[in-house]
Amino acid sequence: MADGGSAAGADDVTLDPWGSASVDDYRKLFEQFGIEAFDDVLPQVPNPHYLMRRGVVFGHRDYGPIADAMANDDPFAVLSGWMPTGDPHIGHKLMIEEIVYHQQQGGDAYALVADLEANSARGLSWAEIDRHTEEYLLSLLALGFDPEEGEIYRQSGNERLQNLAFELGAEANFSEMQALYGFDGETNISHMQSVVTQMADILYPQLDEPKPTVIPVGPDQDPHMRFARDLADRTRYFGVTEAYASFEADPAERVLIRAAYDAIDDDDIRCEDAADYLREHHADEAGTSVLPKLDNAGKEPIRPRVRFLDRNATDEAFEALIDAIDGEKRVFEGHVDTFDLDADAAEELAREVELGHGGYGFIAPSSIYNRFMTGLTGGKMSSSIPASHISLLDDPEDGYDKVKSATTGGRTSAKEQRELGGKADECPVYELYTYLLAGEDDEFATEVYEECVGGERLCGGCKEQAAELMAEFLEDHQEKREEMRPVLEELDIDIESPWRR
């Protein structure tokens, strides 16, 4: 597929950053792609946002370092952006709120306009892109982004970003883009370049200083996150792993060696002893990979150590690392083993040496994932179906009418509703309360839910209340947008792209 996506079986989920994505079973994302449930990390988050508390933020990749940074007042960053292909809508509001939330928790905040992607992947003219860019930035500011404490940029006008994208492109190849996005011989080169630019966007907050960075996105953007995490790791000068002997072992092999080491009660355990143990107790798991390595090492002692792997280091950086390691160490071609440092101290030392010798020292970026909103008319929310979504530019009366006309999770009659209760979990109107209309008031959101499923709340009154709240929100938001026009004019960002002809 030229516009992205990847092949999937009937029971699989396809995550296409440029398609019309939907997810019927979010659990499949945990199983298929390794996204983790946000509920597992929620207790670690100080002052969690209401979207986190209510499960709208349903998943994450490696959010723990962000939660720790917030709790300990350590440096961290947040970045997300918007492809200017249409008017900003309530889905964009969720992403903006998550940027603002992390900024208010002390994070360095970055908001970007993915205009190169809009031009290359969607074919929009620069005149269209510029118009949508202005509308997006006004809503960004109206929803609380502090431009004095954060950075706003357009891809097309950021030279540092484009330079980083060029460097990252040297680490990427077509075969992995093909596997991640379904690119083929019909995919234009600019589209592929825009992907590398997005990788640079994700790592951009770390250009001046490596720090945990979170990217709020929809689950359809997860291919970008996996690719960016791989590239962050690939650009590092040194890898840090555990090791037990002089030879290289992959993670699965290290697990087996560790099992043998822990099981054999001997201070002088040798590689041949571990091989004998694994043949007896883990024959199926050990297979043919780790046993020959242990046999070849013979009587070499097994000693736990931390290993620095030379990935992209210059000769000077590798020598500097050797000199910087205190205590007992062993130097080999391509790696150094240390017996007196733990893994955390080794990671810190590796990054310190890398930064001192011209490297970036990137920390793998984290991500959080929002549930997709249901369209007001049922099915997917689509920008091409105006009645299915609320634009932040909608006239308040139009917003009111859209909500009043929305599909609900109600029963076929008021009598049945009172007897059986409504189906709030299937109701687009209840989603509006959860995602937007209840704001920070969890008690109100819970009250709406319980009254619905308990049969006390009927759909007519519920929609009327939601429609009034929506009209109030739109009126208030649009007033704030107008207040932000002079602020936007003073910012160092070109509304008209230099690429416009």
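Heads up: numbering here begins at 1 and tracks the sequence.
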For this session: Before giving the answer on side chain to side chain contact (heavy atoms under 4.5 Å, CB included), spell out for L376 and L432 the whole-Å C-alpha distance, their side-chain angles and the decisive distance to 0.1 Å.
Result: CA-CA 9 Å; L376 296 178; L432 290 177; 3.8 Å; yes
Exercise. Do R258 and D262 sit within salt-bridge range, that is, some charged N less than 4.0 Å from a carboxylate O?
Worked result: yes
Exercise. If you measure from CD1 on I368 to CG on D62, what distance do you get to the nearest 0.5 Å?
Worked result: 13.0 Å
For this session: Check the pair L392, I90 against side chain to side chain contact (heavy atoms under 4.5 Å, CB included), reporting the backbone distance first and the verdict last.
Result: CA-CA 6 Å; L392 297 180; I90 54 177; 4.1 Å; yes
Exercise. Are E97 and K93 ion-paired here, with the side-chain N under 4.0 Å from a carboxylate O?
Worked result: yes
For this session: Can you label the angle between the H389 ring and the H89 ring as parallel, tilted or perpendicular, going by 30° and 60°?
Result: perpendicular
Exercise. Does the pair V41 and E36 meet the rule for a side chain to side chain contact (heavy atoms under 4.5 Å, CB included), with working shown?
Worked result: CA-CA 9 Å; V41 76; E36 300 174 84; over 6 Å; no
For this session: Of all the heavy-atom pairs spanning A346 and V240, show the shortest one and how long it is.
Result: CB-CG1, 3.9 Å
Exercise. Checking Q44 side chain against A67 main chain: does a donor-acceptor pair fall under 3.5 Å?
Worked result: no
For this session: List in chain and number order the residues that pass salt bridge (charged side-chain N to carboxylate O under 4.0 Å, His left out) with D130, two or more places apart in sequence or in another chain; answer none if no residue qualifies.
Result: R154, R500
Problem set entry | E209, CD: over 12 other non-hydrogen atoms inside 6.0 angstrom | yes
Problem set entry | Non-hydrogen atoms of S156 and S497 that approach each other most closely | OG-OG, 3.4 Å
Exercise. Are E151 and R160 close enough, and set up right, to give a salt bridge (charged side-chain N to carboxylate O under 4.0 Å, His left out), and what steps lead you there?
Worked result: CA-CA 13 Å; E151 180 177 344; R160 290 187 79 199; over 6 Å; no
Problem set entry | Verdict with reasoning, F145 to I152, per side chain to side chain contact (heavy atoms under 4.5 Å, CB included) | CA-CA 10 Å; F145 185 91; I152 303 170; 3.6 Å; yes
Problem set entry | Residue pair I363 / P212: nearest heavy atoms and the distance that separates them | CD1-N, 3.9 Å
Exercise. Do Y430 and D425 get their side chains close enough for a donor-acceptor pair, meaning under 3.5 Å?
Worked result: no
Seminar exercise, completed: Rounded to the nearest 0.5 angstrom, the CZ-CD1 distance for F339 and I325 is 11.0 Å
Exercise. Between the main-chain N or O of W126 and the side-chain N or O of N119, is there a donor-acceptor pair closer than 3.5 Å?
Worked result: no
Exercise. Counting N and O atoms only, with roles assigned by atom type, does the side chain of Q162 sit under 3.5 Å from a partner on the main chain of Q155, one being a donor and the other an acceptor?
Worked result: yes
Exercise. Quick one: does T213's side chain get under 4.5 Å of Y204's, heavy atoms only?
Worked result: no
For this session: Please assess D40 against Y63 for the test side chain to side chain donor-acceptor pair (under 3.5 Å), listing each intermediate value before the final yes or no.
Result: CA-CA 10 Å; D40 295 341; Y63 191 75; over 6 Å; no
Exercise. Should we say atom CD of E159 is surrounded by more than 12 heavy atoms from elsewhere, each under 6.0 Å from it?
Worked result: no
For this session: Check the surroundings of atom CG in D73: do more than 12 heavy atoms from other residues, nucleotides or ligands lie under 6.0 Å from it?
Result: no
Exercise. If only atom types and distance count, is the side chain of R307 paired as donor or acceptor with the main-chain N or O of H335 below 3.5 Å?
Worked result: no
Exercise. With no hydrogens and no angle check, do the side chains of T374 and E431 hold a donor and an acceptor under 3.5 Å apart?
Worked result: yes
Exercise. So with a 6.0 Å cut-off around CZ of F174, is the heavy-atom count from everything else above 12?
Worked result: yes
Exercise. Is the shortest heavy-atom distance from the side chain of F227 to the side chain of M199 under 4.5 Å?
Worked result: yes
Exercise. Just by modelled atom types, is the H357 backbone N or O under 3.5 Å from a matching donor or acceptor in the Y237 side chain?
Worked result: yes
For this session: For residues A343 and V306, report the shortest heavy-atom separation together with the two atoms involved.
Result: N-CG2, 4.0 Å
Problem set entry | Shortest non-hydrogen contact from P84 toward L124 | O-CD2, 3.4 Å
Problem set entry | Polar side-chain atom of Y50 near backbone of Y435 as donor-acceptor pair, under 3.5 Å | yes
Exercise. Is any side-chain heavy atom of D201 closer than 4.5 Å to a side-chain heavy atom of Y153?
Worked result: yes
Problem set entry | Close side-chain approach of V57 to N370, heavy-atom, < 4.5 Å | yes
For this session: Report the relative orientation of the aromatic rings in F308 and F238; use parallel for angles under 30°, tilted for 30 to 60°, perpendicular for over 60°.
Result: perpendicular
Problem set entry | More than 12 heavy atoms of other groups within 6.0 Å of E149 CD | no
For this session: Compare all side-chain heavy atoms of Q105 with those of V78 and state whether any distance is below 4.5 angstrom.
Result: no
Exercise. Donor-acceptor pair, E176 side chain versus N173 backbone, under 3.5 Å?
Worked result: yes
Exercise. If you round to the nearest 0.5 Å, how far is OG1 of T241 from CZ of R305?
Worked result: 10.0 Å
Problem set entry | Close side-chain approach of E135 and L138, heavy atoms under 4.5 Å | yes
For this session: State whether D337 and R303 are salt-bridged, where the test is any N-O pair (Lys NZ or Arg NE/NH1/NH2 against Asp/Glu carboxylate O) under 4.0 Å.
Result: no
Problem set entry | Any W82 side-chain heavy atom under 4.5 Å of L140 side chain | no
Exercise. Going from OH on Y360 to CG on D208, what distance comes out if it is rounded to the nearest 0.5 angstrom?
Worked result: 10.5 Å
Exercise. Is it true that the side chains of E117 and T197 contain a donor and an acceptor less than 3.5 Å apart?
Worked result: no
For this session: Indicate yes or no for a side-chain donor-acceptor contact from Q221 to the backbone of G218 under 3.5 Å, with no hydrogens or angles considered.
Result: no
Problem set entry | Nearest heavy-atom neighbours spanning P292 and S289 | CD-O, 3.3 Å
Exercise. Less than 6.0 Å separating the ring centroids of Y181 and H224?
Worked result: yes
Exercise. Do H477 and S139 get their side chains close enough for a donor-acceptor pair, meaning under 3.5 Å?
Worked result: yes
Problem set entry | Check: H191 ring centre within less than 6.0 Å of F183 ring centre | yes
Problem set entry | Presence of salt bridge, E171 and R311, under 4.0 angstrom | no
Problem set entry | Spacing of E248 atom CD and E253 atom CD [to the nearest 0.5 Å] | 10.0 Å
Problem set entry | Short side-chain to backbone donor-acceptor contact, S80 and P216, under 3.5 Å | yes
Exercise. How many angstroms lie between atom CG of L341 and atom CD of E348, to the nearest 0.5 angstrom?
Worked result: 10.0 Å
Problem set entry | Any side-chain heavy-atom pair of R131 and D87 under 4.5 Å | yes
Exercise. Quick one: does N72's side chain have a donor or acceptor within less than 3.5 Å of a partner on D74's backbone?
Worked result: no
